[in-house]
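Hydrogens, waters and symmetry mates are skipped; everything else that's a heavy atom, side chains included, is used. Convention: sequence-line order gives letters A, B, ...; per-chain numbering from 1.
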Amino acid sequence: AQSVTQLDSQVPVFEEAPVELRCNYSSSVSVYLFWYVQYPNQGLQLLLKYLSGSTLVKGINGFEAEFNKSQTSFHLRKPSVHISDTAEYFCAVSDLGSGTYKYIFGTGTRLKVLA
Amino acid sequence: DAMVIQNPRYQVTQFGKPVTLSCSQTLNHNVMYWYQQKSSQAPKLLFHYYDKDFNNEADTPDNFQSRRPNTSFCFLDIRSPGLGDAAMYLCATSRDRGSETQYFGPGTRLLVL
């Protein structure tokens, strides 16, 4: 069965510092991978997605992620964070091989940017 | 322009009093999903519609029902809300099943008194 692990429940970082939010998944087949951001009391907004092709994916708000098949990881990075990046970040996987439609979400990482 | 709209944004109901949450979309997508998200947890899929075909998750309580009268609208009915049903309810759409990106609405926060 698929699963998604976000190892860090909370990540504090100072403004203008780099950040990496980790995501690992388990699946026996090819997957599509997504990162979503959720601001307080709002829905989920797509940051970026990996479907195929280049393993380095660039998204909105200066975020990027790298798909690493051998390590089954899809870590999210930003070279310089801003106060406005404070939010919850969810990694999700969609399984191609089983014919299912579902997203499996990780438990989320709360990014707190400090002034 | 809003693509997935949820109303109301905040809903207060009484224990056991039926409540309906609304979702509409301007994307003309085939699939509409309802998720329940409790505090500090990942969204949990309750059910989805593929066109008019309703698909319930195995662990979704019978207390939760859904209706999709047309492509644009989908409703979540909670027949007898309990205190444990207090959560954020997220509606999402996708063009089709499988790998398609899901687009989320802003959510409705339900409070049960």
Tell me which of these, B/S40, B/G105, B/P106, has more heavy-atom pairs under 4.5 Å with chain A than the rest.
B/P106
Toward chain B, the part of A/Q6 with a non-hydrogen atom under 4.5 Å
neither
Looking only at the SG atoms, are B/C74 and B/C23 under 2.5 Å from each other?
no
Residue pairs passing the disulfide (SG to SG under 2.5 Å) test with at least one member in residues 24-68 of chain B, sequence neighbours excluded, are none
So which part of A/Y39 gets closer than 4.5 Å to some heavy atom of chain B, the side chain, the backbone, both or neither?
neither
Region of B/Q6 that comes under 4.5 Å of a non-hydrogen atom in chain A:
neither
So is A/K78 actually on top of A/F63's ring, under 6.0 Å and inside 45° of the axis?
yes
Taking the ring centre of each residue, are A/Y103 and B/Y35 less than 6.0 Å apart?
no
Sub-3.5 Å donor-acceptor pair from the side chain of B/N55 to the main-chain atoms of B/F47, do we have one?
no
What's the spacing between A/Q38 CD and A/Q45 CD if we round to 0.5 Å?
11.0 Å
Name the orientation class of the two ring planes belonging to A/F67 and A/Y50 (parallel below 30°, tilted from 30 to 60°, perpendicular beyond 60°).
parallel
What part of B/Y50 gets closer than 4.5 Å to chain A, counting heavy atoms only: side chain, backbone, both or neither?
neither
When rounded to the nearest 0.5 Å, the distance separating CZ of B/F15 from CG of B/L113 is 12.0 Å
With no hydrogens and no angle check, just 3.5 Å: does a side-chain donor-acceptor pair link A/S26 and A/S3?
yes
Close approach to chain A in residues 84-91 of chain B, criterion heavy atom under 4.5 Å:
B/M88, B/L90
Residue A/L44 versus chain B: region with a heavy atom under 4.5 Å:
both
